[in-house]
2 protein chains.
Amino acid sequence: MIHSMSTDLIQRLRLAGYKITPPRLAVLEVIQREGEHLNPQEILEQAQMIHAQTGRATVYRTLELLTQLGIVRPIYVGDNGPTYIRADGAHHHLVCSRCGRIVEFDACDADSMGCELETRFGFRITSHLLEFYGICPQCQATDASCSAETMADLPD
Amino acid sequence: MIHSMSTDLIQRLRLAGYKITPPRLAVLEVIQREGEHLNPQEILEQAQMIHAQTGRATVYRTLELLTQLGIVRPIYVGDNGPTYIRADGAHHHLVCSRCGRIVEFDACDADSMGCELETRFGFRITSHLLEFYGICPQCQATDASCSAETMADLPD
DNA sequence: CTCTTTAATGAGAATTATTCTCATTTGCTC
DNA sequence: GAGCAAATGAGAATAATTCTCATTAAAGAG
Ligand SMILES: [Mn+2]
Ligand SMILES: [Mn+2]
Ligand SMILES: [Zn+2]
Ligand SMILES: [Zn+2]
């Protein structure tokens with residue numbers, strides 16, 4: 001079993017009283033190297049490349065566990081099912097209601113807001129998600145360039 | 001068919017080329033009077049109080065349609081499935097990763113950020129969702145009051 | 001108001017995603 | 001290395017969502 005998992009995360013599992021097992025290491029590793037938001041099926045497939053016997057149920061169980069420990073977090077984009085990301089760091093999306101297009105943006109002054117909220121509500125905050133919903137430029141163009149009546153193709 | 005649906009919303013449907021039907025009016029009305037985030041099952045049940053024959057598939061189809069039109073929007077809280085809300089207005093949540101507790105808060109300076117983003121990306125923005133993730137005061141207390149080793153009850 | 005066209009509907013089947021069950025295995029402590 | 005509870009994987013069971021298709025009815029024309 002080769003793995004390059006951060007000792008820190010392994011410690012967090014161990015200290016919380018959980019056993020360090022190959023499937024857990026595999027799932028953890030898959031999400032750590034995350035360049036994408038992966039769904040449970042994809043996480044299963046990737047985990048199986050690390051530990052071939054990994055079972056589907058265990059992936060679900062591990063995701064639930066890691067979520068409770070605040071290590072990962074489900075994120076929902078459009079009407080796709082849940083995908084999982086590391087629970088640290090922020091996510092900032094512009095979401096088009098019409099076509100589902102997602103644009104990511106960076107700058108965000110939510111962190112200062114987060115500090116106030118920590119004081120006010122006593123939460124210990126580790127990350128945030130900020131999503132703006134609207135219509136993307138492309139869809140605006142489509143809407144504008146033709147009246148609804150003449151758009152035979154709009155309703156499916 | 002008694003309904004108190006805003007003429008405006010009905011116009012939006014009509015202009016987009018869709019027919020005004022009892023199930024659509026029913027679903028629309030249920031979400032308009034929303035005091036809660038309702039899931040598809042609950043929306044079906046409520047819609048059936050308005051139009052008894054409303055079918056499940058139609059509720060799903062209508063929710064998809066209204067989402068595309070930017071009238072409603074799915075929102076995911078904890079690991080419950082999707083629930084639907086009006087697409088206008090903002091939502092602000094503090095979410096506890098450990099126990100799933102949700103606290104809503106009001107003040108939010110995301111709107112000004114929204115304006116900048118409209119300029120920068122050309123989106124027409126209608127609403128936003130801002131969620132902070134962390135550990136709630138209660139769960140912090142639990143974690144602190146006993147060391148992991150002695151907490152026989154932590155791992156299920 | 002009646003007719004025609006075609007989108008929309010509801011029932012139920014089919015599919016997909018998630019959770020549960022239980023016999024077996026395996027980390028971890030001593 | 002032995003003992004024990006936690007964890008696992010296979011597959012069954014369940015829940016959520018989508019699809020199919022015969023039927024209905026909204027909208028527009030006349
Ligand atoms: Mn993202
Ligand atoms: Mn809310
Ligand atoms: Zn778009
Ligand atoms: Zn909590």
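Predicted model only: the values in this text are computed from it and were never measured. First the proteins, then the strands, lettered A, B, ... as listed; each starts at 1.
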Have Arg56(B) and Gln41(B) got a donor and an acceptor in their side chains that come within less than 3.5 Å?
yes

Would you say the ring centers of His92(A) and His128(A) fall short of 6.0 Å from each other?
yes

In whole angstroms, the gap separating P of dC22(C) from CZ of Arg61(A) amounts to 14 Å

Rounded distance in Å - NE2 (His51(B)) to P (dA8(C))
15 Å

In whole angstroms, how far is the C1' atom of dA27(D) from the CG atom of Leu13(B)?
14 Å

In whole angstroms, the gap separating C1' of dT9(C) from CD of Glu64(B) amounts to 15 Å

Arg73(A) and Tyr133(B): side-chain hydrogen bond (donor to acceptor under 3.5 Å, both in side chains), yes or no, with the steps?
CA-CA 9 Å; Arg73(A) 178 157 83 61; Tyr133(B) 299 88; 3.3 Å; yes

Which label fits His93(B) and His37(B): parallel for a plane angle under 30°, tilted from 30 to 60°, or perpendicular past 60°?
tilted

Run the numbers on Ile75(A) and Thr83(A) for side chain to side chain contact (heavy atoms under 4.5 Å, CB included), then give the verdict.
CA-CA 5 Å; Ile75(A) 188 172; Thr83(A) 59; 3.0 Å; yes

Taking C-beta and beyond as the side chain, do Arg98(B) and Leu69(A) meet within less than 4.5 Å on heavy atoms?
yes

Tell me the interatomic distance from Gln53(B), atom CD, to dG12(C), atom P, rounded to whole angstroms.
15 Å

Are there any protein N/O atoms within less than 3.5 Å of an N/O atom in nucleotides 15-19 of chain C, and if so, which ones and at what distance?
| from | atom 1 | to | atom 2 | distance (Å) |
| --- | --- | --- | --- | --- |
| dT18(C) | OP2 | Tyr60(A) | OH | 2.4 |
| dT18(C) | O5' | Tyr60(A) | OH | 3.4 |

Once base and sugar-phosphate atoms are separated, protein heavy atoms under 4.0 Å mark nucleotides 25-30 of chain C, 5' to 3', with B, S and - as --BS--

Can you find a side chain N or O atom of Arg24(B) that sits less than 4.0 Å from OP1 or OP2 on dA8(C)?
yes

In whole angstrom, what separates Leu15(B)'s CG from dA27(D)'s C1'?
14 Å

Can you tell me how far C1' of dA16(D) sits from CG of Asn80(A), to the nearest Å?
16 Å

Integer-rounded Å distance: dA27(D) C1' and Gln11(B) CD:
14 Å

